[in-house]
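Right, one structure below, let's go through it.
None of these values were measured; they are calculated from a predicted model.
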Amino acid sequence: MLVIKYSKNFKGKNFFPHSTVTDILNRNNEELYLATDLGVVSYDFETQSFKELNILDNDYLVYSLTESDNRLWIGTYNNGLFSYNKNTEEIRQYKIGDITDNLIYDTLIDAQNRLWVATNNGLNLINLENSEIKQFYKEVNNLKQPASNTFRDLYLDSNNRVWIATIGGGVSYYNEDGTFTTYLEEDGLASNIVTGIAEDKDSKIWLATHSGISIIDSFSNSIFNLTPADGIGGWEFNTAYSSADKSGLLFGGNHGITFLTDDFSEKNSQSPPVYITDFQLFQKSVDKDRQIFNNQIYSFKADENYLSFEFVALNYDSPQNIKYYYKLDGFDDNWINAEDRYFSSYSNLKAGNYKFKVRAETIRGNLSQEAVLDFRIEKPWYLTLPAFILYILIFTAAVILIIKLRDSIIIHQKNQELETLNSKLAAANSELKEISTIDSLTKIYNRHYFNNKFKDLFALGKRSKTPLSLIIFDLDKFKSINDNYGHLVGDQVLKTAALRAKNILNRNTDFIARYGGDEFVIVLFDTEKSGAEQVISDVKKAIEKPMEIKLNGKNFDLQVKGSFGLKTIIPAADDNFNQTINLADQNLYKNKRNK
């Protein structure tokens with residue numbers, strides 16, 4: 001494969017007048033339009049040369065290019081949207097007042113010849129026939145509108161649906177009744193930060209996110225997630241593209257470029273191991289010191305007939321979507337679909353031999369091997385003839401002795417085999433717990449931990465009538481730090497701010513978590529509003545102290561400001577913890593607007 005490089009440092013045909021290319025528009029394989037840091041440049045395939053078009057008077061940083069009929073649409077960084085008539089050379093500029101924001105991330109012409117404009121603060125839909133402009137924003141508690149106001153990427157799929165990627169609000173597609181269908185982390189998405197969209201030949205939507213790659217089958221309403229463990233090269237991706245025949249997909253990230261075929265997710269599917277983690281008689285474990293009950297054999301008396309089982313599948317790809325199937329041979333005729341329930345119980349079991357079997361199915365449809373446990377319930381004495389009581393007692397004692405001897409031998413052998421497995425399982429459980437609760441960048445709690453812990457504290461506050469304070473804060477103009485110094489410096493700022501805020505919290509009942517992007521939450525149990533305001537003051541002083549960031553041999557002296565939102569509540573019976581989060585979030589943005 002021949003690779004030709006063009007640069008402003010070269011001469012002749014390999015000379016390119018600028019240093020940055022942000023978008024490329026292919027005009028029927030005859031000419032390319034390139035969006036650059038200093039305007040629009042064309043490339044002629046026949047002459048193999050570049051030409052500066054000088055469409056705009058100023059050398060604006062161009063982010064996107066889209067063509068409709070005789071017009072070229074030019075999206076810029078902080079200078080709005082331009083419409084250029086290629087016949088009359090007339091130029092019209094759209095800025096705040098016409099559209100929602102001046103920072104244009106992407107533009108798209110849909111199947112109805114309408115222009116979509118994704119901006120840093122709102123989404124625009126322009127009717128090219130009558131110039132009517134519709135604007136879309138996030139609406140609190142309205143799931144039929146976008147979940148974020150920062151729109152990053154646009155994509156028209158093979159079914160003529162317009163998909164919109166957002167920062168912090170997952171991905172949505174537009175319904176012609178004016179509503180949006182949205183997919184978020186709570187629906188199984190890898191991350192709510194989506195930066196690129198592509199489509200394979202089976203009409204599945206592939207998403208570049210900051211926590212891996214998500215694959216949406218919108219017809220079955222299922223979501224698959226790919227992580228570095230699947231061989232995709234890294235966690236954070238920024239762009240996504242499909243090949244011409246949609247059999248291959250390209251994803252760009254901070255680790256490089258990843259190329260995947262459309263059947264990659266199926267090839268990398270794995271069946272999860274399943275373990276029976278507890279076996280209970282009358283709701284008490286038959287062996288409290290045992291962690292795994294696979295392949296064990298037990299015997300019970302006639303009246304010991306209320307038995308329960310707990311089981312788990314170790315799967316890191318959408319574990320919340322695991323389905324379980326179980327069957328008790330000797331009692332059930334067919335497999336029982338337990339959905340996501342990980343336990344089962346049986347009562348009034350008759351005497352006999354039983355084999356409990358359980359298996360799991362992943363979101364990708366992969367079935368695991370069966371986990372098996374054998375047990376026996378003895379016959380009651382009153383069902384035997386009195387004349388044979390003595391013989392039955394002798395026979396039963398012999399059988400029990402043999403079973404115990406055999407069990408002792410088997411258990412001894414299995415204990416040796418399971419000792420290594422238990423160690424690995426304990427390590428896997430520890431790793432799974434950390435992954436599910438700790439934010440990988442800042443090393444504080446993540447949003448998943450916050451949601452569960454805050455819900456528990458909210459319920460405790462209801463029962464005990466104890467005040468609960470929730471603080472939400474973010475870093476003002478954090479995006480400018482990423483734009484001016486790069487995301488690595490921005491990551492160090494987030495880590496420093498998180499550590500400083502964490503160090504302010506002295507009580508075991510208080511904790512801080514990363515809510516998303518540059519947004520953090522602090523939960524203060526048994527804390528009145530005045531106490532929470534003091535914590536805000538202390539955290540604000542801490543994070544606004546000058547930061548000295550050292551990265552790659554360079555020092556960056558930065559100082560950030562924070563905006564805070566507070567909601568203190570003594571939860572009542574009809575209060576909802578999600579409502580409390582929304583109220584704190586509203587107070588944050590109210591304070592931000594008042595600055």
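Note: Phe520 and Phe473 have parallel aromatic rings, judged against thresholds of 30 and 60 degrees for the angle between ring planes. Taking the six-membered ring where the residue is Trp, Tyr445 and Tyr449 present parallel rings, their angle staying beneath 30° rather than reaching 60°. Aromatic ring orientation, Tyr183 versus Tyr173: tilted (interplanar angle from 30° to 60°). Ring geometry for Tyr174 against Trp116 counts as perpendicular: the plane angle is over 60°, on a 0 to 90° scale with 30° as the lower cut.
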Legend entry - Chi angles and distances behind the ring pair (Phe, Tyr, Trp, His ring centres under 6.0 Å) call for Phe136, Phe151: CA-CA 10 Å; Phe136 301 97; Phe151 298 85; 8.5 Å; no
Inset, instruction - Evaluate side-chain contact (heavy atoms from CB on, under 4.5 Å) for Arg114 paired with Val162, printing each intermediate quantity in order. - result: CA-CA 11 Å; Arg114 299 173 300 191; Val162 176; 5.7 Å; no
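Side-chain atoms of Arg161 and Ser218 form a donor-acceptor pair, as typed in the model, at a separation below 3.5 Å. Side chains of Thr209 and Ser214: a donor-acceptor N/O pair is absent below 3.5 angstrom, by distance only. No side-chain donor from either of Asn121 and Thr119 sits under 3.5 Å from a side-chain acceptor of the other. Checked by atom type, the side-chain pair Asp23/Ser64 shows no donor-acceptor distance below 3.5 Å. A side-chain donor from one of Asn85 and Asn70 sits under 3.5 Å from a side-chain acceptor of the other.
By the 4.5 Å heavy-atom criterion applied to side chains, Arg593 and Asn591 are not counted as neighbours. Between Leu128 and Trp73, the closest side-chain pair of non-hydrogen atoms falls below 4.5 Å.
Between the side chain of Asp106 and the main chain of Ala118, no donor-acceptor pair closer than 3.5 Å is present. Side-chain atoms of Asn127 come within 3.5 Å of backbone atoms of Glu129 as a donor-acceptor pair (strictly under, hydrogens ignored).
Checking Ile472, Asp474, Val539, Asn587 one by one against Phe564, the side-chain contact (heavy atoms from CB on, under 4.5 Å) holds for a single residue, Val539.
The side-chain contact (heavy atoms from CB on, under 4.5 Å) search around Asp177 returns Asn175, Thr179, not counting sequence neighbours.
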